[in-house]
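Heads up: the structure comes next, in structure tokens.
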Amino acid sequence: MEEDKKDNIDVLNPQDEKSEVSNFIRFFIDQDLASGKHKNIVTRFPPEPNGYLHIGHAKSICLNFGLARDYKGKCHLRFDDTNPTAEDVEYVDSIMDDVRWLGFSWEDNLFYASDYYDQLYNYAEFLIKEGKAFVCDLNQDEMRKLRGTLTEPGIESPYRNRTVEENLDLFRRMKEGEFEEGTKSLRAKIDMKSPNINMRDPVIYRIKKAHHHRTGDKWCIYPMYDYTHCISDAIEGITHSICTLEFEDHRPLYDWCLDQLPVPCHPRQIEFARLNLTYTVMSKRLLRALVEENLVNGWDDPRMPTIAGMRRRGYTPEAIRNFADKIGVAKANSIVDFNLLQFCLRDDLNIKAKRVMVVLDPLEIEIENYPDGQVEFLDAENNPEDITAGSHKIAFTKHLFIEKDDFKEDAPKKWFRLAPGAEMRLKHAYYITCNHVIKNEQGEVIKLICTYDPESKGGWSKDGRKVKGTAHWVSKDHVLNIEVRMYDQLFKVPNPMDIPEGMDYKINLNQDSLRVIKNCYAEESLKDAQSGEKFQFLRQGYFTVDYDSTPENPVFNRIVGLKDSWSKIENK
RNA sequence: UGGGAUGUCGUCUAAUGGUAGGACAGUGGACUCUGGAUCCAUAUGUAGGGGUUCAAAUCCUCUCAUCCCAGCCA
């Protein structure tokens, strides 16, 4: 958290930051600033509290808060809470957590659309008095029939020409709760023949006898998104109201509402393409389905693309912010390669993560020329990328474990690791040579007998001979037993939404997205691992302490693996 | 087939009439006590056809492809 704050304050010269990035939104802002239309900009991040935020929202958060930071403006956090049946404080809290965790601050600019219910109501009466809105008795079915289709114009409601007095009276009685849900609504009087269906007398208030998580039972009529959003923006003095592409068709309605009303300003709505990532889904509907059908373990399952899930997995806010920066902002629909996110993660973790040694799949070795009972505490650097990170001690003894994968009885070409008769370096320790292979009755290798070169302490030989392979290891008498959770993509295919006719999205689920490995042997220093601390398990990948971890049963999540160029060589 | 938008390397994104550039991914190499990191080098792109211009990814025009819209959801 400290680091995040520092990161934000760090940006003292927005010009530097701006020169790196350019996008059409910044172009508009530059124009509006240059023309004198605005002196300062105000943006907003406006989630509906009806679910957990995901990496797509992170893009929007970084965009809106990033713009405010770079232009020395403000970014509000506003909850778009106009549909009480879908919303909950659980989500409000998680959203605030997520935005903070990402490293952004809304300062004292926290708002709720529900804060404006009174103003919104008064503006609605204003609209009625101007003859621009009417109470309609059509039910949902009837309204749909009169709305027309994509190619045919709609037909005006028979209630469209009620008098102002009648409309005012009915609307007030709606508010008083006199009518049942669905029997009446308030509609804007615009144009039933408009080719834009949003303009065909859209509903702006509906009756919902539902408890609201903030206003309780005060209201039984609730304003609709299109009517609420533009007015909320105007009330808050938003200059640039940035939303996703699907609202492009709503912009005429956004502008219409503000044109009719005596609002303080008229923000500019700008639309950009939402984020899609390969091998995952980004729709709240599907993410909710994964949770509710127990295909994952909750919204913060480390496989989920939710911010809560990524945080638990071990992703860093810096990596996500950097990712948001790199993908840019544009209007073309696109699917970003998941590799880019992984790159950003490794890039950040590489300079931060403490190096430790953990053997996931152990193979015992005995150093036959090493004294029984002797223990040496060897120096292991914490991070080769950061000399200030210091070092820690690891125990070396006669009996050790190495990774099963680091030994091959029949070594292929270009094999640098251990094989019968071959020499390999144990990281931070000695050169060893494999002399005997011990097998069980099934013919499986269960133990190796090796010798070490006492002259190679620290990993260097006096005669200067080169050993290409270096492996991680852990002393048999100094192990910490840990559980490791290896995560893979939730879906098997790059675009899980590309589903064959009549099939369920679940056919693309990766059944092996979670692999739990128990009884991994970690160096003892890991017993002091703090919650949230990031490690590189040497040659394996980046890991962090999971929420389930206890001192008795330490649990680590693999955040992301290391790049593996051996597998490429092997495949050739 | 009404309306709104969008098409630039495999992917994402710059270029705002004047050298099509960057990042990721890929490939080749160097280096390395992590087959990690780092460094160097590299191929591949303006959806298509016409037009305007000394000059077009950019302007005009036609075509094609893709996405969004018929909630009292946001």
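Per chain, numbering begins at 1; letters A, B, ... match sequence-line order.
- Between Phe27(A) and Phe416(A), it is Phe27(A) whose nearest contact on RNA chain B lies nearer the 5' terminus.
- Thr278(A) has no side-chain polar atom (N or O) that falls below the 4.0 Å cut-off from OP1 or OP2 of U11(B).
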Protein-nucleotides 17-27 of chain B N/O pairs closer than 3.5 Å?
residue: G26(B); atom: OP1; partner: Lys568(A); partner atom: NZ; Å: 3.1

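- Residue-to-nucleotide contacts include no donor-acceptor pair under 3.5 Å from the side chain of Glu385(A) to the base of U38(B).
- The NZ-P distance, from Lys331(A) to A5(B), rounds to 7 Å in whole Å.
- Ring-plane geometry between Phe491(A) and Tyr505(A) is classed as tilted, the angle between the planes lying from 30 to 60 degrees on a 0 to 90 degree scale.
- Close to C73(B), at under 4.0 Å from its OP1 or OP2, lies no side-chain N or O of Thr82(A).
- Contact annotation for His250(A): base contact, defined as any heavy-atom pair under 4.0 Å involving a base atom.
- A donor-acceptor contact under 3.5 angstrom links the side chains of Asn196(A) and Asn198(A), judged on distance only.
- Closest to the side chain of Pro195(A), from the set G2(B), U38(B), C72(B), is G2(B).
- Residues Arg539(A) and Asp405(A) are not paired through a salt bridge, judged by the lack of any N-O separation under 4.0 Å between the basic side chain and the carboxylate.
- For Ala332(A), whose side chain is taken as the heavy atoms from C-beta onward, the closest listed nucleotide among U6(B), G36(B), A14(B) is U6(B).
- With rounding to whole Å, Asp325(A) atom CG is found 18 Å from C12(B) atom P.
- Computed from coordinates, the His212(A) NE2 to A74(B) P distance equals 10 Å when rounded to whole Å.
- With RNA chain B read from its 5' end, the first of the two nearest nucleotides for Glu248(A) and Ala273(A) is the one closest to Glu248(A).
- Nearest to the side-chain atoms of Lys208(A) among the listed nucleotides A37(B), C73(B), U6(B) stands C73(B).
- Note on ring orientation: taking the six-membered ring where Trp is involved, the planes of Tyr222(A) and Tyr117(A) are perpendicular (angle over 60°, cut-offs 30° and 60°).
- Contact between the side-chain N/O atoms of Arg355(A) and the OP1/OP2 oxygens of G36(B) is not found at any separation under 4.0 Å.
- Rounded to an integer number of Å, the gap from CG of Leu150(A) to P of C69(B) is 10 Å.
- A side-chain donor from one of Asn83(A) and Thr85(A) sits under 3.5 Å from a side-chain acceptor of the other.
- Summarising the base pairing, C72(B) is matched to no nucleotide, lacking a Watson-Crick or G-U wobble pair whose two defining distances lie under 3.5 Å.
- No more than 12 heavy atoms of other residues, nucleotides or ligands lie within 6.0 Å of CZ in Arg285(A), so this atom counts as exposed by the packing criterion.
- Under the 30°/60° scheme for interplanar angles, the aromatic rings of Phe247(A) and His250(A) are found to stand perpendicular.
- A glycosidic torsion no more than 90° from 0 defines the syn conformation; G17(B) lies beyond that range and is anti.
- Between Ser22(A) and the phosphate of A15(B), there is a side-chain N or O to OP1/OP2 separation shorter than 4.0 Å.
- Between Arg147(A) and C72(B), a side-chain N or O to OP1/OP2 separation shorter than 4.0 Å is present.
- Among the heavy atoms of the strands lying under 4.0 Å from His428(A) is at least one base atom, whether or not backbone atoms are also near.
- In the interface, the side chain of Asp249(A) is paired with the base of G3(B) through a donor and an acceptor atom under 3.5 Å apart.
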Problem set entry | Test log, rule side chain to side chain contact (heavy atoms under 4.5 Å, CB included), inputs Tyr315(A) and Leu345(A) | CA-CA 7 Å; Tyr315(A) 284 40; Leu345(A) 261 177; 3.6 Å; yes
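- Summarising the geometry, the separation between CG on Asp201(A) and P on C72(B) is reported as 12 Å, rounded to the nearest angstrom.
- In this entry the distance linking CG of Asn198(A) with P of G2(B) reads 18 Å, nearest Å.
- Among the atoms of the strands shown, base atoms are found under 4.0 Å from some heavy atom of Pro384(A).
- Here C54(B) sits opposite G18(B) as a Watson-Crick or G-U wobble pair (both hydrogen-bonding atom distances under 3.5 Å).
- The interatomic distance linking Asn23(A) (CG) with U13(B) (C1') rounds to 10 Å, in whole Å.
- At G35(B), none of the side-chain N or O atoms of Arg417(A) fall inside 4.0 Å of OP1 or OP2 (strictly under the cut-off).
- Residue contacts for Gln536(A): at a heavy-atom cut-off of 4.0 Å it reaches a base atom on one of the strands shown.
- Partner Asp406(A) forms a salt bridge (charged side-chain N to carboxylate O under 4.0 Å, His left out) with one of Arg425(A), Lys427(A), Arg417(A) and no other, that one being Arg417(A).
- Between the side chains of Gln269(A) and His229(A), no donor-acceptor pair of N or O atoms lies under 3.5 Å.
- Asn495(A) places its CG atom 11 Å from the P atom of C12(B), with the value rounded to the nearest Å.
- Under the Watson-Crick and G-U wobble criteria, each requiring two contacts below 3.5 Å, nucleotide A43(B) is left unpaired.
- Annotation: the span from Trp219(A) atom CH2 to His212(A) atom NE2 amounts to 11.5 Å, rounded to 0.5 Å.
- Pairing of U8(B), defined by two Watson-Crick or G-U wobble distances under 3.5 Å, is not identified with any nucleotide.
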Shorter than 3.5 Å, N or O on both sides, protein versus nucleotides 41-45 of chain B: list them out with atom names.
none

